[in-house]
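Below is one structure, written out as structure tokens, with a few remarks after it.
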Number of protein chains: 2
Amino acid sequence: MTLGKRERLSVQDWTEAALQVLAHGGVPAVAVEPLAKSLGATKGSFYWHFADRNALLQATLELWERRDTDQVLAGIDETQDHATRLRSLVELALLSVQRGADAGAGSIELALQSSVSHPMVAAALQRVTSRRVAAMSELYAALGLSKARARDHALLAYTAYLGHLQMAHATPELLPRGRAFRTHVDRIVSVMVEFDS
Amino acid sequence: MTLGKRERLSVQDWTEAALQVLAHGGVPAVAVEPLAKSLGATKGSFYWHFADRNALLQATLELWERRDTDQVLAGIDETQDHATRLRSLVELALLSVQRGADAGAGSIELALQSSVSHPMVAAALQRVTSRRVAAMSELYAALGLSKARARDHALLAYTAYLGHLQMAHATPELLPRGRAFRTHVDRIVSVMVEFDS
DNA sequence: ACCTGAACACCGTTCAAGT
DNA sequence: ACCTGAACACCGTTCAAGT
């Protein structure tokens, strides 16, 4: 976890390190003293770069938002048709939950969901969620749903994603594994993507 | 929040107070010193009744589990048929999310989901979730689904509930309100309860 | 048996002093 | 400009001493 002895630390160094511990230990783990120790510096050094712990949290959240946006954009294959794009988007989200049970991108998101009580965290989550739901709405609308129904369906799909994320971390023993897991994901995707009326 | 001046505090008094703050401020808010202050006692008094903060948390979790089990049993009308029971179970769960945005039963559950990293919290959640999924599985099985499909469908429904709970607290602005909310809940319930093949 | 009060460790924050 | 080191507040934990 130690990043080696640097003569001087930058704001980026601290923020990067904070994002690391955020993924592992959640928001409470973004603590100044332990962070300083792992970087081989003192708390005083930290307070040169940041006003307080909240400023570090803010910078960390912004870093996460930037990377998350990039990742989602990179995950969509623009050459595919809308239906395929939608299906693979939902599928990728659900499968990504499985991958990084402890270290993946999903674990940062879960850590943030854990700390919604913190206003800054709530704001960051609100922005990212809003962006994702809007993107899915567009896809549903492109498939022929009315604006209202498209948004509603996007919300439902996102709700399923959030719940799946939660279960994968809180009670993974209850989720099917291996082949059964694929079947389960396939069923969710079907429910979320196929519709009528 | 102060429970008045009592001469002597019991384990129940501390546990009850802990459950209160758990609902409002989450697991981190279950702190010995503030709790002692609100009860008009000293930290030393606390440590007569409990080995440490973890022992208090454990007692609080057990209290929640007992009450949760009672509530769920009370919520099911045994005189109804299986389909109606299932539908009202899902519906009640989703609507309860709306009720107590800050104080309701759902807020304790959300607070616990927030702290899955804590092994004791994870264990408690695992027990409750397992119990609920099993109960729903039975209902699905009673409606004619195979054991495997019944369990899978119960998982899917529970996943939707968890995600809904999450959104209602983290990003409530994104969920529809009023009449549109009822429509949204109705749609989720339909997806979760109606099935074929 | 139950509680107080003082003590210590840990982390957030401040700031004077160093390079 | 960037960092150290010491100080203080807050909460978890211990424990000798009180009733």
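Per chain, numbering begins at 1; letters A, B, ... match sequence-line order.
Between the C1' atom of D/dG12 and the CD atom of A/Glu33 lies a distance of 15 Å, rounded to the nearest Å. Whole-Å rounding puts the B/Phe46 CZ to D/dC15 C1' distance at 16 Å. Atom-to-atom, NZ of A/Lys37 to P of D/dG5 comes out at 14 Å; the value is rounded to the nearest Å. Residue A/Trp48 contributes atom CH2, which lies 17 Å from atom C1' of D/dG5 at whole-angstrom precision. Separating the NZ atom of A/Lys43 from the P atom of C/dT13 is a distance of 10 Å, rounded to the nearest angstrom. D/dC15 atom C1' lies 19 Å from atom CZ of B/Phe50, rounded to whole Å. The separation between B/Arg53 atom CZ and D/dC10 atom C1' is 14 Å, rounded to whole Å. Rounded to whole Å, the distance from CH2 on A/Trp14 to P on D/dC2 is 13 Å.
The side chain of A/His49 contributes no N or O atom lying less than 4.0 Å from OP1 or OP2 of D/dA1. Taking 4.0 angstrom as the limit, B/Tyr47 places a side-chain polar atom (N or O) nearer than this to OP1 or OP2 of D/dT13.
With A/Arg85 contributing its side chain and A/Gln80 its backbone, the two residues share a donor-acceptor pair below 3.5 Å. Within the 3.5 Å criterion, the main-chain N or O of B/Arg149 finds a donor-acceptor partner in the side chain of B/Ser146. Side-chain N or O atoms of B/Arg53 include one that pairs as donor or acceptor with a backbone N or O of B/Val30 at under 3.5 Å.
Here the nucleotide nearest the side chain of A/Ser45, chosen from D/dT4, C/dG12, C/dG5, is D/dT4. Closest approach to the B/Thr42 side chain among C/dG5, C/dC11, D/dA1 is made by C/dG5 (side chain taken as heavy atoms from C-beta onward). Here the nucleotide nearest the side chain of A/Arg8, chosen from D/dC2, C/dC10, C/dT4, is D/dC2.
Nucleotide D/dC8: paired with C/dG12 (Watson-Crick or G-U wobble, both distances less than 3.5 Å). Under the Watson-Crick or G-U wobble criterion, with both distances below 3.5 Å, D/dA17 is left unpaired in every strand shown.
For B/Arg132 and B/Asp68, the salt-bridge test passes: some basic side-chain N is under 4.0 Å from an acidic carboxylate O.
Distance check, rounded to the nearest 0.5 Å: OH of A/Tyr158 to OG1 of A/Thr129 gives 3.5 Å.
No engagement by A/Ala29 is indicated, since no non-hydrogen atom pair under 4.0 Å with the nucleic acid exists.
Comparing A/Gly44 and B/Gly44 by the nucleotide of DNA chain D whose heavy atom lies nearest to each, the residue mapping closer to the 5' end is A/Gly44.
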